[in-house]
Amino acid sequence: MGRALVWDATCVDSLAASHLPSTSQKAAAAAESAQMLKRPKMFLLRQAVSNARQLAPSVRAMSSKGPLVDLTVDNDGVAIMTLQRPPVNSLNLDLLKEISKSLDDVAKNKSRGMILTSSSPTVFSAGLDIMEMYKPDMKRAEEFWTTLQDVWFKLYGSSFATAAAINGHAPAGGCLLSMSCEYRAMVGGKFTIGLNETALGIVAPKWFMDTMCRTISMRQAELALTTAKMFTVDEALKCELIDEIATDKADAINKCKTFLKKFEKIPPLARAITKLKMREEPIKNLQTSRQADVQEFLSFLKNPKVQQSLEMYIQALKQKAAK
Ligand SMILES: CCCCC/C=C\CCC/C=C/CC(=O)SCCNC(=O)CCNC(=O)[C@H](O)C(C)(C)COP(=O)(O)OP(=O)(O)OC[C@H]1O[C@@H](n2cnc3c(N)ncnc32)[C@H](O)[C@@H]1OP(=O)(O)O
């Protein structure tokens, strides 16, 4: 009751000059293309509605304890999402599903913002679980990649404010998670962060690259991506891959909270729409190429050279761990 309905109908002229080449090849091609183009618009509309709901000031108590993600709200109304998949928080399908669900919970709850961190004292996240890509079951691999895309959409395109308290190494997918947040405080020391995919003989997807190019300069991103650069904490600060260096995890969380406090005096709807408009382009890009991106991932996995590189990388990791 009392719910507004929005109708957004599109009539396609399938005989228009711009549609003729595709319509002559495939029935309903014009309608399909209109549908694809409409998705980003609907996504932003949904986000705006969700933003409007967040204007209500009350914060519901939230505590969701899956085995792999701990989600709590502190006294200031800030949600703390802690990844807890030992030993290194590698992102397998189960962990990604829990992150995805937890992001939904934060969005539903009226939290002041969210801080992403890890329960490990030395690893924020080791990135994608390599075992999900090595000799994979293709059905599961498809679900794995789709869930990773979902997590990125929900985190990068969240209407709530986000910050990462990076309390350890953050290679590849771990770096992506932190870059998808709006602010990064990283614990100083021997930890490293970066997109190191090329070192594994794999290629970071375009949306990983886009996320990096919107965090550090294009020049630094190209150098880092092609050389599989893992930045030390000092280097990361210098090129603005991170925003602050923290003394320990508690300090990193406090620094993230100070960042989130900046929004206390900013009307939430204006903040959220500004963020989404700034991030609109990479989001739209992946929405329109989402299926192709999944297919590219699957065909990548079928490539024997990629499997060989992964095998060698796993062996090297195991040898290192055994020392
Ligand atoms: C043209 C367009 C093409 C599109 C193609 C599409 C897709 C392809 C691209 C896919 C993208 C992938 C992104 C990724 O995230 S790939 C993952 C990259 N991650 C890494 O390289 C990190 C590897 N790990 C480490 O460097 C270290 O483990 C560490 C994180 C620095 C922590 O070091 P330490 O604390 O010393 O821990 P250990 O090294 O001893 O590891 C303990 C244990 O964990 C296993 N392990 C580590 N990382 C992973 C991982 N990512 N996945 C699975 N397992 C991992 C390690 O093997 C040890 O296991 P054992 O104890 O059993 O030996």
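Whatever order the structure lists ligands and atoms in, that order sets their numbers, starting from 1. Just so you know, these numbers use all the heavy atoms, side chains as well, and skip hydrogens, waters and symmetry mates.
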Worksheet item: Out of Lys323, Lys318, Lys206, whose heavy atom sits nearest atom 59 (O) of ligand 1?
Response: Lys318

Discussion item. Strictly below 4.0 Å, N to O, side chains only: are Lys261 and Glu264 in salt-bridge contact?
Written reply: yes

Fill in: Taking atom 61 (O) of ligand 1 as the reference point, the nearest protein heavy atom with its distance
Ala321 CB, 4.3 Å

Practice prompt. Answer yes or no: does an N/O atom from Trp145 fall short of 3.5 Å to an N/O atom of ligand 1?
Written response: no

Worksheet entry | ligand 1 N/O within reach of His169 N/O, cut-off under 3.5 Å | no

Response to the item:
atom 53 (C) of ligand 1: closest protein heavy atom, distance to 0.1 Å, is Asp129 OD1, 3.2 Å

Worksheet item: Are any of the protein's heavy atoms under 4.0 angstrom from atom 29 (C) of ligand 1, yes or no?
Response: no

Worksheet, complete the sentence: of all protein heavy atoms, closest to atom 25 (C) of ligand 1 is Leu317 CD2, 3.8 Å

Discussion item. Looking only at distances, can you tell me whether any N or O atom of Lys320, backbone or side chain, sits closer than 3.5 Å to an N or O atom of ligand 1?
Written reply: yes

Fill in: Donor-acceptor side-chain pairing of Ser111 and Asn109 below 3.5 angstrom
yes

Worksheet item: Polar-atom distance check: Ala126 versus ligand 1, any N or O pair below 3.5 Å?
Response: yes

Worksheet item: Taking the side chain as C-beta and beyond, is there a heavy-atom pair between Leu83 and Leu116 under 4.5 Å?
Response: yes

Fill in: Ionic contact status for Asp105 with Lys101, cut-off 4.0 Å
yes

Worksheet entry | Proximal atoms of ligand 1 relative to Glu296 (non-hydrogen, under 4.0 Å) | 1 (C), 2 (C)

Response to the item:
Among non-hydrogen protein atoms, atom 7 (C) of ligand 1 lies closest to Phe297 CD1, 3.4 Å

Worksheet item: Any side-chain donor-acceptor pair under 3.5 Å between Asn89 and Ser118?
Response: yes

Practice prompt. Taking atom types as modelled, find out whether Ser159 and Lys275 have a side-chain donor-acceptor pair closer than 3.5 angstrom.
Written response: no

Discussion item. For Arg184, is there an ion pair with Glu244 - N to carboxylate O distance below 4.0 angstrom?
Written reply: no

Worksheet entry | Residue-ligand contact Pro87/ligand 1, heavy atom below 4.0 Å | yes

Practice prompt. Give yes or no for whether the N/O distance cutoff of 3.5 Å, strictly under, is met between Val123 and ligand 1.
Written response: no

Practice prompt. Give yes if a backbone or side-chain nitrogen or oxygen of Gly173 is under 3.5 Å from a nitrogen or oxygen of ligand 1, and no if not.
Written response: yes

Fill in: Asp210/Lys206 salt bridge by N-O under 4.0 Å criterion
yes

Discussion item. Can a side-chain donor-acceptor contact be found between Trp207 and Asn285 if the only test is distance below 3.5 angstrom?
Written reply: no

Worksheet item: Nearest heavy atom to atom 8 (C) of ligand 1: which of Ile130, Leu91, Val203 does it belong to?
Response: Val203

Discussion item. Return the closest protein heavy atom for atom 14 (C) of ligand 1 as residue, atom name and distance.
Written reply: Ala172 CB, 3.3 Å

Worksheet entry | Top protein contact for atom 37 (O) of ligand 1, by heavy-atom distance | Val88 CG1, 3.9 Å

Worksheet item: Distance only, no hydrogens: is a donor on one side chain within 3.5 Å (strictly under) of an acceptor on the other, for Gln307 and Tyr134?
Response: no

Worksheet item: Partners of Phe259 by ring pair (Phe, Tyr, Trp, His ring centres under 6.0 Å), sequence neighbours excluded?
Response: Tyr183, Phe263

Discussion item. Once you restrict to heavy atoms under 4.0 Å, what part of Ile314 touches ligand 1? Side chain, backbone, both or neither.
Written reply: neither

Practice prompt. Give a yes or no on whether a salt bridge exists between Asp76 and Arg112, defined as a side-chain N under 4.0 angstrom from a carboxylate O.
Written response: no

Worksheet item: Looking at atom 13 (C) of ligand 1, what's its closest protein heavy atom, distance included?
Response: Glu197 OE2, 3.1 Å

Worksheet item: Quick one: which ligand 1 atoms are inside 4.0 Å of a heavy atom on Gly127?
Response: 15 (O)

Worksheet item: Would you say Leu128 and ligand 1 have an N/O pair spaced under 3.5 Å apart?
Response: yes

Fill in: Thr122 side chain to Lys190 side chain, donor-acceptor N/O pair below 3.5 angstrom
no

Worksheet item: Which residue supplies the protein heavy atom nearest to atom 23 (C) of ligand 1, what is that atom called, and how far is it?
Response: Tyr313 OH, 3.6 Å

